[in-house]
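What follows is one structure encoded as structure tokens, with my remarks underneath.
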Amino acid sequence: MTAPTGASPRTRVWIVVLALLLLGGGATAYALRAASGREAAATRPADPGFTLAGGTGALYVRDTATGRVARPDPSAPGGRTAGGPVCDRFHAAADTALCLRRRPGVPARSYVIVLDRQLREVRRMGLPGIPSRARVSASGNMLAWTMFATGDSYARSSFSTRTSVLDLRTGYLIKNIEQIPLTLGGRRHHAPDVNYWGVSFAADDNRFYATVSTEGRTHLVEGDMANWSARTLRENVECPSLSPDGTRLAFKKRVSAGPEEPWRLYVYDLATGREHPVAERRGIDDQALWTDGKTLAYGYGGGVWSVPADGTGTPRLLAPAASSPTVVRPAPTP
């Protein structure tokens with residue numbers, strides 16, 4: 001918009017102001033349309049036919065390019081079928097799936113979405129934080145998730161997490177398990193810096209394992225939902241993952257004080273107390289998944305990899321440009 005020749009200075013100022021308002025309004029409208037488009041894409045449901053029903057024992061991952069849950073399929077374009085919902089973290093077992101999806105905007109907020117066997121939404125909750133960890137118990141009844149409240153990496157010296165547990169049988173939600181009575185080294189422990197993350201449920205839907213951080217150290221915790229109690233078992237254990245037979249835990253162990261690849265994957269035998277590293281020598285910042293009783297899967301470098309749990313073999317790429325692996329199995333027989 002150009003001011004007419006001979007216009008007074010005051011008129012010219014108002015013309016410039018009007019032009020800026022018009023330009024700003026157009027930019028705002030464009031931004032709102034773009035945000036609306038992104039939100040619509042993010043809320044796209046699973047495609048018809050893309051379910052957990054046909055996936056017993058099948059691997060599911062999060063497709064990095066689209067953010068959608070996918071199944072690796074060598075016969076499909078790109079080697080996978082990305083027909084699931086959009087999630088930042090995903091896990092599933094039996095007839096239940098858990099999808100964590102970050103919402104746009106500041107401060108950081110996310111959706112926690114519970115899905116059924118057909119990957120249809122049955123419950124949604126809006127909670128503060130950034131999605132970090134997600135787990136569904138083998139029965140599909142118990143759900144746990146961890147959100148970063150501040151910071152964006154477990155490698156940082158200062159971060160805060162909120163870990164929640166939802167019982168689908170009763171609908172009861174524990175928004176933050178930090179208030180669970182904690183026994184550390186045989187004594188009741190109280191501290192303002194307690195953080196929990198990385199829950200893994202046992203087959204009874206009552207006992208669980210998790211990481212607790214306090215006073216600059218991390219510990220493996222065994223929790224009891226019915227008695228609402230937790231006790232530490234050993235130090236330097238993060239993101240435990242219980243094996244299908246309930247005898248071993250895969251976890252990441254800090255082996256370096258520096259921020260570059262500070263962890264290695266280990267396996268811990270609950271009966272003997274012995275641990276050993278797996279053949280993956282790179283720094284893994286993930287909660288490993290047991291694809292069966294012998295193999296672990298995990299995210300690294302933008303892809304999903306696997307390695308034998310007994311320390312032999314070599315890492316193998318399962319799915320490039322993917323994260324958040326899960327294998328859907330039927331619920332265990334009572």
With heavy-atom distances below 4.5 Å as the criterion, would you say the side chains of Pro72 and Leu318 are in contact?
no
Please report the interatomic distance CG(Asp63) to OG(Ser324), rounded to the nearest 0.5 Å.
12.0 Å
Flag the pair Glu275 and Lys253 as a salt bridge only when some basic side-chain nitrogen lies within less than 4.0 angstrom of an acidic carboxylate oxygen.
yes
Hey, could you give me each pair passing disulfide (SG to SG under 2.5 Å) that has a residue in residues 262-302? Not counting sequence neighbours.
none
Contact list for residues 201-210, test salt bridge (Lys or Arg N to Asp or Glu O under 4.0 Å), sequence neighbours left out:
none
When you measure from the side chain of Asn206 to the backbone of Ala226, do you find a donor-acceptor pair of N or O atoms at a distance under 3.5 Å?
yes
Phe251 and Trp263, any side-chain heavy atoms less than 4.5 Å apart
no
Quick one, Thr51 and Arg117 - any side-chain contact, counting heavy atoms below 4.5 Å?
no
Could you work out the complete set of other residues in the hydrophobic cluster of Phe201, with links drawn between I, L, V, M, F, W and Y side chains under 4.5 Å apart?
Met142, Val165, Tyr172, Ile174, Ile177, Ile180, Leu182, Val194, Tyr196, Val199, Phe208, Val212, Val221, Met225, Trp228
Counting C-beta onward and ignoring hydrogens, is there a side-chain heavy-atom pair between Met125 and Trp145 closer than 4.5 Å?
yes
Closest non-hydrogen contact found for Pro262 with Gly258 is CB-O, 3.3 Å
Return a table of donor-acceptor pairs under 3.5 angstrom between the side chains of residues 84-92 and protein atoms on other chains or two or more places apart.
residue, atom, partner, partner atom, Å
Asp88, OD2, Arg102, N, 2.7
Arg89, NE, Ser132, O, 2.8
Arg89, NH1, Asp286, OD1, 3.1
His91, ND1, Val136, N, 2.9

Asn141 versus Asp167, side-chain donor and acceptor atoms under 3.5 Å
no
Hey, are the side chains of Leu98 and Leu115 touching, using non-hydrogen atoms and a 4.5 Å cut-off?
no
What verdict does the side chain to side chain contact (heavy atoms under 4.5 Å, CB included) test give for Met147 and Ser110, after you've listed the backbone C-alpha separation in whole Å, the side-chain angles of each residue and the deciding distance to 0.1 Å?
CA-CA 9 Å; Met147 300 283 188; Ser110 299; 3.7 Å; yes
Can you measure from CZ (Arg329) to CG (Leu52) and round to the nearest 0.5 angstrom?
13.5 Å
Please evaluate residues Thr291 and Ser306 with respect to the criterion side chain to side chain contact (heavy atoms under 4.5 Å, CB included), reporting the C-alpha separation (whole Å), side-chain torsions for both, the decisive distance (0.1 Å), and the verdict.
CA-CA 9 Å; Thr291 60; Ser306 72; 5.7 Å; no
Cluster companions of Val307 among Ile, Leu, Val, Met, Phe, Trp, Tyr (side-chain spacing under 4.5 Å):
Leu265, Val267, Val278, Ile284, Trp290, Leu296, Tyr298, Tyr300, Trp305, Leu317
Spacing of Thr96 atom OG1 and Leu168 atom CG [to the nearest 0.5 Å]
5.5 Å
Would Thr312 and Asp310 satisfy side-chain hydrogen bond (donor to acceptor under 3.5 Å, both in side chains), going step by step from the backbone distance to the final call?
CA-CA 6 Å; Thr312 64; Asp310 63 3; 2.6 Å; yes
Is Thr66 reaching over with its side chain to a backbone N or O of Arg68, donor-acceptor style, under 3.5 angstrom?
yes
Does atom CZ (Arg274) have a neighbourhood of more than 12 heavy atoms from anything else shown, all under 6.0 Å?
no
Cation-pi, Tyr268 ring and Arg234 (6.0 angstrom, 45 degrees)
yes
May I ask you to check whether over 12 heavy atoms, not counting those of Arg80, lie within 6.0 Å of atom CZ?
yes
Scan for side-chain hydrogen bond (donor to acceptor under 3.5 Å, both in side chains) pairs involving residues 210-220, sequence neighbours excluded, and state none if there are none.
His189-Thr214, Asp193-Thr214
With no hydrogens and no angle check, is any side-chain donor or acceptor of Thr146 less than 3.5 Å from a backbone partner on Trp197?
no
Does some side-chain heavy atom of Arg264 sit less than 4.5 Å from a side-chain heavy atom of Lys252?
no
Would you compute the distance between atom OG1 of Thr272 and atom CZ of Arg248 and round it to the nearest 0.5 angstrom?
11.0 Å
Non-hydrogen side-chain atoms of Asp269 and Thr247 separated by less than 4.5 Å:
no
Stepwise, does the side chain to side chain contact (heavy atoms under 4.5 Å, CB included) test hold for Gln287 with Arg135?
CA-CA 10 Å; Gln287 186 173 14; Arg135 272 298 186 270; 3.5 Å; yes
Check ion pair Glu280-Arg282 (N to O, under 4.0 angstrom):
yes
With a sphere of 6.0 Å drawn around CZ of Arg187, does it hold more than 12 non-hydrogen atoms of other residues, nucleotides or ligands?
no
